[in-house]
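A quick write-up on the structure given underneath.
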2 protein chains.
Amino acid sequence: MEPNPVVKGSLTTIILKLLEDNGRMYGYEMTKAVRESTANKMSITEAALYPALHKLVEDGLLTTTSEKVDGRIRKYYALTKQGKKETQSKIQALKEALESVQLILNPKLSNG
Amino acid sequence: MEPNPVVKGSLTTIILKLLEDNGRMYGYEMTKAVRESTANKMSITEAALYPALHKLVEDGLLTTTSEKVDGRIRKYYALTKQGKKETQSKIQALKEALESVQLILNPKLSNG
DNA sequence: AACTATACCTAATTTTATTAGGTAAATACC
DNA sequence: GGTATTTACCTAATAAAATTAGGTATAGTT
């Protein structure tokens, strides 16, 4: 069974969270990390990931450093100061949004 | 504080779930139902809702019946047979997707 | 030689939601 | 009586975000 794509709109927050937890990561590493920590149930596609990463750099939330490892280039991303701040609020917002969806999916039965 | 919009991509599933729970509803009622069951933390905008409803009708998942109540027209929506089937799989898919996001947001700490 | 994994990327399209409105009747407020 | 709010439907234009469908290149495996 193929892993599902990420919940729409959550990709940016997921990237920020991964970087908060791991200090610095490169794109391909992020795709593997998500598949692994979700037991292959969810994956982030590279076609969505790279544009999202570029936008985060553009917005000043991430910085990059490139390194050549085993003949291949790795582009490491890390949170800027502003990125760390934004990470907090985005995680908070996503958690609240997910909770709200949970309330719809598992409504309190009010007529008992 | 203003309620946040729905988690992107989840609107269709939320509509189907509301109809599964309530039998039939009209659009405006759905917007109130979501605000109420999330304690005003989430709301679905009408500009997103109505096109989504029309698409669900177009796709054969919903039927409509219009009624005049207190001088105003209400357009009630209900699940078709196919709609009921799709509701199950969409709810299941959304639940799994949310679980995966939760795993990212609350990762198992593997280096203890 | 072919295939898989690593590692980056983009262009065109589609999907989905937002912004920014519009119409109209009923009700509540002053 | 006049204004504001709530109810109740809707759309058009734009923006945001992801998908589809690729491309490049190196390293390792069969």
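Just so it is clear: chains get the letters A, B, ... in the order the sequence lines come, proteins before strands, and each one is counted from 1. Note that the coordinates shown come from a computational prediction; the quantities given were computed from them, not determined experimentally.
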Worksheet entry | Whole-Å gap separating P (C:dT6) and CD (A:E67) | 18 Å

Worksheet item: Given A:N106 and B:K95, is the side-chain contact (heavy atoms from CB on, under 4.5 Å) satisfied, shown in steps?
Response: CA-CA 10 Å; A:N106 309 299; B:K95 281 186 177 177; 3.7 Å; yes

Worksheet item: Roughly, in whole Å, what's the span from CD1 in A:I44 to C1' in C:dC8?
Response: 14 Å

Worksheet item: C:dA5 C1' sits how many Å from A:K32 NZ, rounded?
Response: 9 Å

Item to complete: Name all pairs fulfilling the ring-ring contact (aromatic ring centres under 6.0 Å, His included) condition that reach into residues 14-36 of chain B, sequence neighbours left out, sorted by first residue then second.
Response: B:Y26-B:Y76

Worksheet item: CG of B:L11 versus P of C:dT16: gap in Å, rounded?
Response: 10 Å

Response to the item:
In terms of heavy-atom contacts, A:I104 and A:P107 come closest through O-CD, 3.4 Å

Worksheet item: Between A:E86 and A:K81, is a salt bridge (charged side-chain N to carboxylate O under 4.0 Å, His left out) present by the stated rule, with each step listed?
Response: CA-CA 9 Å; A:E86 288 265 325; A:K81 193 172 173 178; over 6 Å; no

Discussion item. At a heavy-atom distance below 4.0 Å, what parts of residues 45-57 of chain A sit against DNA chain D?
Written reply: A:T45, A:A47, A:A48

Discussion item. Looking at every non-hydrogen atom in both residues, tell me the closest pair between A:G60 and A:T80 and how far apart they are.
Written reply: O-OG1, 2.7 Å

Worksheet item: For the side-chain contact (heavy atoms from CB on, under 4.5 Å) test, which of A:L19, A:L56, A:T63, A:L61 pairs with A:Y77?
Response: A:L19

Discussion item. Please tell me whether A:Q92 and A:Q88 have a donor and an acceptor in their side chains that are separated by less than 3.5 angstrom.
Written reply: no

Practice prompt. Report the residue from B:N22, B:I14, B:L49 that forms a side-chain contact (heavy atoms from CB on, under 4.5 Å) with B:M30.
Written response: B:L49

Discussion item. Which heavy atom of A:V7 sits nearest to which heavy atom of B:K8, and what is that distance?
Written reply: CG1-O, 4.4 Å

Item to complete: Check whether any side-chain nitrogen or oxygen of A:Y28 sits under 4.0 Å from OP1 or OP2 of C:dA5, and answer yes or no.
Response: no

Item to complete: Check DNA chain D against residues 72-79 of chain A and give the residues with a non-hydrogen atom under 4.0 Å, in numerical order.
Response: A:R72

Worksheet entry | Short N-O contact, A:E67 and A:R24, less than 4.0 angstrom | yes

Discussion item. Tell me which residues in residues 87-102 of chain A lie within less than 4.0 Å of DNA chain D, going by non-hydrogen atoms.
Written reply: none

Response to the item:
When A:T12 and A:D70 are each assigned the nearest nucleotide of DNA chain D, the 5'-most assignment goes to A:T12

Item to complete: Evaluate the criterion side-chain contact (heavy atoms from CB on, under 4.5 Å) for residue pair A:L16 and A:I91; output intermediate values, then yes/no.
Response: CA-CA 8 Å; A:L16 295 174; A:I91 288 175; 6.0 Å; no

Worksheet item: Which residue pairs pass the side-chain hydrogen bond (donor to acceptor under 3.5 Å, both in side chains) test when at least one of the two sits in residues 43-57 of chain B, sequence neighbours left out?
Response: B:K55-B:D59

Worksheet entry | Terminal contacting nucleotides, 5' and 3', DNA chain D versus chain A (heavy atom, 4.0 Å) | D:dA17 to D:dA27

Worksheet entry | Side chain proximity check, A:T38 to A:P3, heavy atoms < 4.5 angstrom | no

